[in-house]
Amino acid sequence: MKQDEFREILIRDLRPCRRLASPQTQLQRFMGIVLVLSISIIVFGGVREDFAQQTGRYSYYGEMVGLLLFVIAAGFAALFLTRPGFPVKKPLLACTFIASVWPLYVVSTAPDVETVLPHSDISCAGLVVMSTILFGSILLTMLSRGYLARPLLTYFAGFLCATAVGGVLLHFVCPGQGLHHLLYFHLAPIYILPVPFALALFIWQRVIR
Amino acid sequence: MEIDEQHLANLMSRIQAGDGEAYRQFLDLLYKIIEPMVRKRTAHNQDDLVQEIMFSVHEARHTYDPGRRFLPWLHAIVFHRVGDQKRSYWRHQRRIQAWQDDGITSGDGVSGAVKDQLLSEVRDLPETQREVITMLKYHGYSLVEVAEKLGISVAGVKNRAYRAYQTLRDRLTESAV
């Protein structure tokens with residue numbers, strides 16, 4: 001097609017558009033939704049039986065802060081990736097750093113003995129899966145308004161953020177403290193689940209688009 | 001060519017508000033900026049690539065933040081599209097090489113029997129898929145042109161083309177077995 005005709009098509013197609021909100025604003029909105037839904041899930045599912053005791057442990061707060069930083073770094077990485085020209089290196093590096101350090105912290109502060117309080121391995125993994133689907137869908141809806149130059153990496157960061165939210169929820173509902181339980185049913189799903197979810201979405205998007 | 005980044009940023013703000021005159025000016029300037037960039041970076045399908053980049057800029061115009069610099073935003077889109085085109089070109093070349101190795105094509109193109117079979121399968125495609133394939137592959141229209149002519153979105157054209165390729169692949173594979 002000639003350049004002139006092409007320009008005319010673009011000009012005819014021009015409509016006023018709503019400017020994309022800044023990544024900070026979008027992350028605030030996402031965190032607001034996460035807060036409301038998380039409170040509902042915790043109220044519905046019930047707080048862990050030893051919650052009062054846990055609030056006296058410094059490591060409990062340490063893990064919580066680490067997870068929240070993980071959520072924020074992954075969320076920023078995903079949102080920055082959808083803005084052409086944004087410096088994505090910083091949030092990606094922050095995300096990678098937290099993702100590397102946080103399991104070491106969890107392992108080093110885990111109690112030696114398995115908790116006697118009742119908890120279910122499967123329901124912990126299930127909660128992370130549910131969180132990935134629920135919060136991942138919300139975040140990816142926000143991300144889809146941007147420009148996906150690197151879709152696979154963006155989806156991965158988005159789902160990582162969603163699974164990390166699942167990790168925060170587990171902190172409130174699961175009393176399991178054994179190293180085996182923490183490693184295989186709290187940590188592993190957070191790191192592993194984003195891979196198949198991001199790949200599936202990437203392949204599905206290629207088929208559709 | 002000297003680029004007035006602030007002027008482009010101002011034009012972009014007006015474009016986001018739907019100002020057609022600003023868009024006309026912007027597209028003229030945009031062409032002058034990206035055309036040499038594309039010529040420097042790739043030797044294949046340069047005109048198509050320039051249009052693809054302009055279309056991407058059109059689609060991504062809401063992601064530009066007037067508080068930030070314009071050129072890094074534009075460069076990110078240009079590099080993404082150039083990289084995409086290069087990957088697609090080499091994928092295409094590898095496929096042609098594989099077809100030549102399998103005897104499906106010669107240096108002159110698809111062999112006679114395969115061409116006849118392919119044409120017959122294209123005729124049997126559902127109407128919506130056939131018209132997209134014919135416009136893209138026979139008439140050589142771009143995705144944007146097909147979308148404009150059929151009154152559907154570019155994603156819709158891609159979707160129909162994908163379904164058509166899938167149907168053709170399945171049928172040709174079946175007949176080869």
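The structure displayed is predicted, hence computed values, not measured ones. Values reported hereafter were calculated over all heavy atoms of this structure, with side chains retained and with hydrogens, waters and symmetry mates removed.
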_Quick check on the structure: residues of residues 10-20 of chain A within a heavy-atom distance below 4.5 Å of chain B, by number._
A:Leu10, A:Ile11, A:Arg12, A:Asp13, A:Leu14, A:Arg15, A:Pro16, A:Cys17, A:Arg18, A:Arg19, A:Leu20
_Interface residue of largest heavy-atom contact number with chain A, from B:Pro66, B:Gly67, B:Gly83, under 4.5 Å_ = B:Pro66
*A:Thr82 and B:Thr63: which non-hydrogen atoms are nearest, and at how many Å?*
O-CG2, 4.4 Å
*asked:* Can you tell me which residue among B:His58, B:Gln51, B:Glu148 is in a side chain to side chain contact (heavy atoms under 4.5 Å, CB included) with A:Ile9?
replied: B:Glu148
_Tell me which of these, B:Arg81, B:Met54, B:Arg68, has more heavy-atom pairs under 4.5 Å with chain A than the rest._
B:Arg68
_Which portion of B:Asp19 sits near chain A, non-hydrogen atoms under 4.5 angstrom_ = backbone
*Kindly write out the residues that satisfy salt bridge (charged side-chain N to carboxylate O under 4.0 Å, His left out) with B:Arg61, not counting sequence neighbours, or none if the list is empty.*
none
*Where is the tightest heavy-atom contact between A:Gly85 and B:Ala76, given as atom of each residue plus distance?*
N-CB, 3.4 Å
*Begin from the C-alpha positions of B:Ser56 and A:Tyr147 and carry the test side-chain contact (heavy atoms from CB on, under 4.5 Å) through to its verdict.*
CA-CA 9 Å; B:Ser56 292; A:Tyr147 182 79; 3.8 Å; yes
*Contact class of B:His75 relative to chain A, heavy atoms under 4.5 angstrom*: neither
_Can you tell me which portion of B:Tyr64 sits under 4.5 Å from chain A's heavy atoms? Options are side chain, backbone, both or neither._
backbone
*Do you know which of A:Glu8, A:Arg83, A:Arg150 has the most heavy-atom pairs with chain B at a distance under 4.5 angstrom?*
A:Glu8
_A:Arg145 vs B:His62, side-chain contact (heavy atoms from CB on, under 4.5 Å): CA-CA, chis, key distance, verdict_ = CA-CA 9 Å; A:Arg145 285 211 66 227; B:His62 66 290; 3.8 Å; yes
*Please check if atom OH in A:Tyr61 has more than 12 non-hydrogen atoms from other residues, nucleotides or ligands closer than 6.0 Å.*
yes
*Before giving the answer on side-chain contact (heavy atoms from CB on, under 4.5 Å), spell out for B:Phe55 and A:Phe6 the whole-Å C-alpha distance, their side-chain angles and the decisive distance to 0.1 Å.*
CA-CA 9 Å; B:Phe55 184 69; A:Phe6 182 72; 4.0 Å; yes
_What part of B:Ile15 gets within 4.5 angstrom of chain A, counting heavy atoms only: side chain, backbone, both, or neither?_
both
